[in-house]
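First up is the structure itself, then whatever we jot down about it.
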Amino acid sequence: MGKRRPLVAGNWKMNGSRSESAALLDGIKKGVSSASKAEVAVCPPYIFISLAAKKLSGSAVAWGGQNLSVHKSGAYTGEISGAMLKDYGCTYVIVGHSERRTLYGENDALVAEKYGAAQAAGLIPILCIGETLHERESGQTETVVARQLDAVLDKHGVGSFRSAVMAYEPVWAIGTGKTATPAQAQEVHRFIRHRMEAQDKTVAESLRILYGGSMKGSNARELLAQADIDGGLIGGASLQAEEFLTICRAAD
Ligand code: PGA
């Protein structure tokens with residue numbers, strides 16, 4: 001990990017009641033000190049973001065959204081803008097999660113637009129990319145990851161990654177309990193950093209690239225020990241304070 005400050009971000013997805021969310025926020029807040037080396041963030045469902053803001057403001061834990069609209073405001077029923085997230089103190093917003101891509105038809109162009117909308121609102125996008133099992137097995141991992149990355153690089157430039165975070169999330173590892181091996185993950189993380197390096201060495205060196213996909217307390221340490229893995233985007237294991245905190249401590 002070295003020079004980059006690790007980030008462990010919880011992606012709660014569509015889980016939890018109000019009281020469960022409150023308890024989870026309290027538990028996480030208690031376990032994260034401002035002295036810890038790793039940065040910690042949670043991304044609750046939209047409706048619990050004001051609760052996160054209330055519970056976490058003044059703490060060492062940041063919060064963010066799981067998605068945002070490309071539009072600033074207007075007749076877009078059911079949508080939430082970047083400005084609204086910012087207004088509730090969000091630091092981050094996840095963009096291009098594979099569930100958004102596959103279940104809600106978000107393509108590379110839309111994801112690139114959302115990335116821009118996030119930055120325009122003063123949010124730090126956590127840009128997710130990753131291949132499916134079929135793509136990996138047919139040897140297309142690098143092609144797919146490069147295509148997803150280039151869609152954003154071409155539209156917003158390498159300089160935009162000064163205020164962005166990447167997340168490599170192999171789709172076959174998300175929610176399946178099948179984690180990429182540390183070597184498999186490192187190989188793709190290295191590839192991503194190399195591709196950025198070709199455009200700007202400084203940006204590439206400071207860019208945090210998180211791993212996501214069945215990361216948990218018991219496998220976090222070996223993944224985070226890889227040279228180009230700078231933290232984690234955690235789904236299932238972020239729903240229990242102790243499990244999530246174990247990952248945070250592994251990143252410290
Ligand atoms: P998982 O999800 O940790 O449950 O595999 C990760 C993610 O989708 O961000």
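Hydrogens, waters and symmetry mates are skipped; everything else that's a heavy atom, side chains included, is used. Keep in mind that this is a model prediction, so the values were computed, not measured. Atoms within a ligand are numbered from 1 in the order they appear, just like the ligands themselves.
- Contact annotation for Asn11 and ligand 1: only side-chain heavy atoms (C-beta onward) come within less than 4.0 Å of the ligand.
- Taking distance alone, with nitrogen or oxygen atoms compared against 3.5 Å, Ile234 stays at or beyond that limit from ligand 1.
- More than 12 heavy atoms of other shown residues, nucleotides or ligands fall within 6.0 angstrom of atom CZ in Arg147.
- Smallest separation of non-hydrogen atoms from Val171 and Ser98: CG2-CB, 3.8 Å.
- The distance criterion of under 3.5 Å between nitrogen or oxygen atoms is met by Gly235 with respect to ligand 1.
- Taking a cut-off of under 4.0 Å to the non-hydrogen atoms of His97, the atoms of ligand 1 that pass are 7 (C), 8 (O), 9 (O).
- The part of Glu169 lying near ligand 1 is the side chain, judged by heavy-atom distances below 4.0 Å.
- Nearest heavy-atom pair, Lys29 versus Val61, reported as atom, atom and distance to 0.1 Å: CA-CG2, 4.3 Å.
- Short contacts between ligand 1 and Gly175, defined as distances under 4.0 Å to a heavy atom of the residue, involve ligand atoms 1 (P), 4 (O), 5 (O).
- The environment of Glu79 atom CD is dense: over 12 non-hydrogen atoms of other residues, nucleotides or ligands sit within 6.0 angstrom.
- Ligand 1 lies out of reach of Cys128, whose nearest heavy atom is not under 4.0 Å from it.
- Between Arg193 and Glu197 there is no salt bridge, since no side-chain nitrogen of the basic residue lies less than 4.0 Å from a carboxylate oxygen of the acidic one.
- Which parts of ligand 1 touch Gly236 is read off a 4.0 Å heavy-atom cut-off, strictly below it: atoms 1 (P), 3 (O), 4 (O).
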Show your reasoning for whether side-chain hydrogen bond (donor to acceptor under 3.5 Å, both in side chains) applies to Asp108 and Gln148. CA-CA 6 Å; Asp108 291 337; Gln148 293 173 332; 4.8 Å; no

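- Between Glu99 and ligand 1, not a single N/O pair is under 3.5 Å apart.
- When non-hydrogen atoms are compared, ligand 1 lies under 4.0 Å from the backbone of Ala173 (N, CA, C, O) but not from its side chain.
- Separation of the Tyr88 and Phe48 ring centroids does not fall under the 6.0 Å cut-off.
- In terms of N/O distances under 3.5 Å, ligand 1 is not approached by Gly213.
- Among the atoms of Ser214, some N or O lies under 3.5 angstrom from an N or O of ligand 1.
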Working for side-chain contact (heavy atoms from CB on, under 4.5 Å), residues Asp200 and Phe161: CA-CA 10 Å; Asp200 190 314; Phe161 282 86; over 6 Å; no

